[in-house]
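See below for the structure under consideration.
Numbers here simply count residues along the sequence, with the first being 1. Nothing here was measured: the structure is a model prediction, and the numbers come from that model.
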Amino acid sequence: MALPKGTIRHRVMGYVWAALMPVIAVSSFWIQQIRLIGPFSPIHLLSILVLVTAPLAVWYAHAHKVAAHRSVMMKLYVFALVGAGIFTLLPGRIMHAVVFGQ
């Protein structure tokens, strides 16, 4: 995030990230450990957010709407990565045991 924006490196890394995030989001629909509403959990809301906002962020970049692109990408980063990270640390999850012990 600290690197210069608009460079070839930024664009390539952005395309890779924007392509992989939906793949990961789709794969999350097979995770059904925390069932709150049928087979779904709050992590699935984050997955839907990613599936909507990742293409939107790419479209903003193509349309040269830099402020909108920056805003969407920062929100996507916070909600998708940090939010998902928090869900992995819930009691009963493997990462909770790894980080906090049994």
* In sequence, state the C-alpha distance, the side-chain angles, and the governing distance for V52 and L56, and then conclude on side-chain contact (heavy atoms from CB on, under 4.5 Å). => CA-CA 7 Å; V52 171; L56 182 64; 5.5 Å; no
* What's the verdict on side-chain contact (heavy atoms from CB on, under 4.5 Å) for V72 and K75, showing C-alpha distance, side-chain angles and the deciding distance? -> CA-CA 5 Å; V72 168; K75 289 173 186 167; 5.9 Å; no
* Determine whether V26 and V23 fall in the same hydrophobic cluster, where Ile, Leu, Val, Met, Phe, Trp and Tyr are linked whenever their side-chain heavy atoms lie under 4.5 Å apart. => no
* Please check if V16 and V58 belong to a single hydrophobic cluster, counting links between Ile, Leu, Val, Met, Phe, Trp and Tyr side chain heavy atoms closer than 4.5 Å. => no
* To the nearest 0.5 Å, what is the distance between OH (Y77) and CE (M21)? -> 10.0 Å
* Gap between atom CG of L76 and atom CH2 of W17 - 0.5 Å precision -> 4.0 Å
* Donor-acceptor under 3.5 Å (T7 side chain, H10 main chain) -> yes
* **Over all atoms of both residues, closest heavy-atom pair of L89 and M95** => CD2-O, 3.9 Å
* Asked: To the nearest 0.5 Å, what is the distance between CD1 (I48) and OG1 (T53)?
  -> 11.5 Å
* Asked: Looking at CD1 of I24 and CG of L46, how far apart are the two atoms once the value is rounded to the nearest 0.5 Å?
  -> 14.0 Å
In a table with atom names and distances, give each donor-acceptor pair under 3.5 Å that connects a side chain of residues 63-70 to protein atoms at least two apart or in another chain.
unit_1	atom_1	unit_2	atom_2	d
H69	ND1	A57	O	2.8

* Asked: Quick one: do I8 and Y15 end up in the same hydrophobic cluster if we chain Ile, Leu, Val, Met, Phe, Trp and Tyr together by side-chain heavy atoms under 4.5 Å apart?
  -> no
* To do: Identify, with sequence neighbours excluded, every residue that meets side-chain contact (heavy atoms from CB on, under 4.5 Å) alongside M13.
  => R9
* Taking all heavy atoms of A54 and all of P22, pick out the closest pair and write down the distance. => CB-CG, 4.1 Å
